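Computed from a predicted structure; not experimentally measured. Below, chain A is the first sequence line, B the second, and so on; all start at residue 1.
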There are 2 protein chains.
Amino acid sequence: MEKINITLKEKGIKPTYQRLKVLDYMSKNLRNHPTVEMIYEELAKEIPTISLTTVYNTLGTFIEKGLVCGVTITGTEVRYDINTESHHHFLCKKCGDIIDVDVPCSLSGKKGELVDGHKIEEIHGYFKGTCRSCI
Amino acid sequence: MEKINITLKEKGIKPTYQRLKVLDYMSKNLRNHPTVEMIYEELAKEIPTISLTTVYNTLGTFIEKGLVCGVTITGTEVRYDINTESHHHFLCKKCGDIIDVDVPCSLSGKKGELVDGHKIEEIHGYFKGTCRSCI
DNA sequence: CACATATATTGTAATAATTACAATATTGCA
DNA sequence: TGCAATATTGTAATTATTACAATATATGTG
Ligand SMILES: [Mn+2]
Ligand SMILES: [Mn+2]
Ligand SMILES: [Zn+2]
Ligand SMILES: [Zn+2]
């Protein structure tokens with residue numbers, strides 16, 4: 001938990017209790033790609049007064065400072081990811097899980113380069129289908 | 001316009017006036033990846049009685065029948081694409097345009113295969129950054 | 001053609017995720 | 001400790017989308 005405190009300070013984010021807890025949750029659920037709602041529900045058990053707005057705000061600042069990133073695959077909600085390294089995802093159409101996949105992609109490493117004259121800042125790749133637990 | 005009529009019939013979709021017009025719009029704007037709102041606004045000029053719900057319904061059936069596909073990149077809205085071949089996109093953070101990019105991706109052709117044990121049905125790739133008109 | 005039935009369209013209301021905003025509380029520093 | 005800046009909270013507003021019921025249209029049959 002002290003490590004999380006330091007991480008926040010390093011990024012110039014005031015380490016409030018709520019922020020510590022959100023980042024702690026993200027660190028412990030790094031394979032989950034949780035929604036705001038999931039984070040809120042979990043933290044509300046420990047912090048009954050926490051507000052959904054605070055979770056939104058907190059994730060917003062985390063994204064700004066590069067601590068997490070938003071994954072928009074489902075189209076209905078943002079999923080959050082503490083792994084900010086560019087990597088690919090798999091969305092299971094049955095259970096809705098979003099899973100990291102480790103695939104070699106020819107497009108990785110193109111950051112800063114041009115495609116068809118457009119300057120690349122982010123590279124996103126994902127699959128949709130049926131995850132191995134649901135097959 | 002007769003070609004569009006035939007396309008609808010081939011897919012087993014009753015070729016109503018509204019559906020003809022939506023598909024016509026999509027065919028004429030294949031580089032635009034329009035939103036429901038954009039399609040609705042445009043068609044409303046010619047068909048003042050058209051309903052937003054109809055546009056939603058129509059695009060829904062088109063997706064079911066494989067005539068168009070939905071592109072979820074922005075996170076706030078679905079963009080529609082009449083090009084149902086798996087291809088990659090570029091989202092410009094400045095102007096919001098979504099542009100097709102023709103890049104060789106090592107993941108193409110993996111449909112039906114497995115990644116980490118998960119069965120792939122769709123492959124999606126996109127970049128975010130600044131498009132060439134906005135650089 | 002008239003009618004019956006199925007399907008499509010429309011308008012409105014409901015839902016769900018997110019953002020805006022203002023009041024209150026907390027933090028870090030002088 | 002006390003002040004100013006910042007964070008949190010609760011609520012209301014916004015936006016995209018879906019649900020639903022009433023009306024309209026299309027299609028097939030006698
Ligand atoms: Mn991930
Ligand atoms: Mn496209
Ligand atoms: Zn699954
Ligand atoms: Zn642009």
Sidechain-backbone polar pair: D97(B) side chain, I99(B) backbone, donor-acceptor under 3.5 Å: no
Counting primed atoms, P, OP1 and OP2 as sugar-phosphate and everything else as base, the B/S/- map of nucleotides 13-27 of chain C against protein heavy atoms under 4.0 Å is ----SBBBB------
Please work out if T49(A) contacts a base, only the sugar-phosphate, or nothing of the nucleic acid, heavy-atom cut-off 4.0 Å. sugar-phosphate
Examine distances only and state if a side-chain atom of N32(B) and a backbone atom of P34(B) form a donor-acceptor pair shorter than 3.5 Å. no
Show every salt bridge (Lys or Arg N to Asp or Glu O under 4.0 Å) that has at least one partner inside residues 125-135 of chain A, sequence neighbours left out. none
Using modelled atom types only, decide if a donor and an acceptor are shared between the side chain of D24(B) and the backbone of L20(B) within a distance under 3.5 Å. no
Measure from CG on L8(B) to C1' on dA26(D) and round the result to the nearest Å. 15 Å
Compute the centroid of each ring, for H33(B) and then for H89(B), and state whether the two points are separated by less than 6.0 Å. yes
Length of the line joining E41(B):CD and dA16(D):P, which is rounded to integer Å: 11 Å
Determine, stepwise, if the pair E77(A) / R79(A) fulfils salt bridge (Lys or Arg N to Asp or Glu O under 4.0 Å). CA-CA 6 Å; E77(A) 75 214 337; R79(A) 310 281 289 251; 3.6 Å; yes
Provide, to the nearest angstrom, the distance between the NZ atom belonging to K65(B) and the C1' atom belonging to dA8(C). 14 Å
Is any side-chain N or O of Q18(B) closer than 4.0 Å to OP1 or OP2 of dT10(C)? yes
